[in-house]
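All values reported here derive from a predicted model rather than from experimental measurement.
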Amino acid sequence: MKKAAIYCRISTLNHGQSVDLQLNDLRRLAEQRGFQIVKEYSDQGQSGAKNSRPALDAMLADARRGKFQTLLIWKLDRLGRSTSHLIQLLEEFRAWGVELVSFSEGLDFTTTSGKLFYTLISAFAEFERDCTRERVRAGLRAARAKGTRLGRPRILVNAAQIASLRAQGGSWAEISARTGVSKGTAQRAVRGLPKNLPEKAPVNALFVASPSALPVCP
């Protein structure tokens, strides 16, 4: 007997709503199909706009561990927050060897037609990702052609000043407030200074802060 799990969700607890309707339909479906229900997961009062929900996260963790081979849901929108999110979940289920059955839509990814439907929506999803990547590349090429500098702007930091303030007993928080740079940038600037820094270091010793810290520039 194939092991199955049930996942249900309702968005609100108002007006006496509950997951009972979904659970009853899915339990009957499991009985008709001869599935052994190993666990039921219910998110109550959880918006479908959320990627992460308590019961959903627990169900995905168990699916990853191979605790069941079939997932029964009442409707596709009970599971995924969007088409892209749903396709992501379907891809994960396939990688974990979990098949999906949706009661309301009559979708059964354990059948040949269901697997064909999954292949089609996966192809459309890949096409959309390729289009998105190409739009990003085209935008970057256009920006470079115009001479636009990509990435975060570099910041010139007076490393000698920071070292002097530190030598005078200034805390990193005080130095950060006084120089207008973050604590991490200030610390990297000081680490980049020569080990044997002269007592009167040149005030124009600069540290270039960028996504990847560069050495001190005299």
**Asked** Stepwise, does the side chain to side chain contact (heavy atoms under 4.5 Å, CB included) test hold for V19 with W74?
**Response** CA-CA 10 Å; V19 296; W74 196 70; over 6 Å; no
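- Among pairs with a residue in residues 21-32, those fulfilling salt bridge (charged side-chain N to carboxylate O under 4.0 Å, His left out) read D25-R28, R27-E40, at least two apart in sequence or across chains.
- Atoms CZ and CZ, from R144 and R141 in turn, are 9.0 Å apart once rounded to the nearest 0.5 Å.
- Applying the salt bridge (charged side-chain N to carboxylate O under 4.0 Å, His left out) definition to pairs two or more places apart or across chains, those involving residues 105-114 are R33-D108.
- Between E92 and L89, the closest side-chain pair of non-hydrogen atoms falls below 4.5 Å.
- Ion pairing between R137 and E134 holds under the 4.0 Å rule for side-chain N and carboxylate O.
- In summary, the side chains of R53 and Y41 do not present any donor paired with an acceptor at a separation below 3.5 Å, with no hydrogens or angles considered.
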**Request:** Just do the side chain to side chain contact (heavy atoms under 4.5 Å, CB included) check on K75 and F103 with the steps written out, would you?
**Result:** CA-CA 6 Å; K75 198 174 182 181; F103 174 81; over 6 Å; no
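- Using a 4.5 Å heavy-atom cutoff, the side chains of L26 and C8 are in contact.
- If you take CZ on R65 and CG on L60, they are separated by 10.5 Å, rounding to the nearest 0.5 Å.
- To the nearest 0.5 angstrom, K2 atom NZ is 6.0 Å from F35 atom CZ.
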**Message:** Test salt bridge (Lys or Arg N to Asp or Glu O under 4.0 Å) on E174 and R166; report intermediate values, then the result.
**Reply:** CA-CA 9 Å; E174 293 169 342; R166 186 65 176 165; over 6 Å; no
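- Between L100 and Y7 there is no side-chain heavy-atom pair separated by less than 4.5 Å.
- Between the side chain of Q36 and the backbone N or O of K3 there is no donor-acceptor pair closer than 3.5 Å.
- In this model, a donor atom of one side chain and an acceptor atom of the other lie less than 3.5 Å apart for R9 and S11.
- N24 CG to L29 CG: the interatomic distance, rounded to the nearest 0.5 Å, is 12.5 Å.
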**Request:** Please test E99 against L71 for side chain to side chain contact (heavy atoms under 4.5 Å, CB included), starting from the C-alpha separation and ending with a verdict.
**Result:** CA-CA 6 Å; E99 296 170 324; L71 177 66; over 6 Å; no
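- Each of I6, D43, L79 was scored for a side chain to side chain contact (heavy atoms under 4.5 Å, CB included) with M59, with one residue passing: L79.
- For S176 (side chain) and V181 (main-chain N/O), a donor-acceptor pair under 3.5 Å exists by modelled atom type.
- The OG atom of S42 lies 4.5 Å from the CG atom of L23; values are rounded to the nearest 0.5 Å.
- V101 has its side chain within reach of T70: a pair of non-hydrogen atoms, C-beta onward, lies under 4.5 Å apart.
- Atom CD of E91 is separated from atom CH2 of W96 by 11.5 Å, given to the nearest 0.5 angstrom.
- Here the shortest heavy-atom pairing between I175 and G170 reads CD1-O, 3.7 Å.
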**Full working for side chain to side chain contact (heavy atoms under 4.5 Å, CB included) between T179 and L165** = CA-CA 10 Å; T179 60; L165 292 172; 4.2 Å; yes
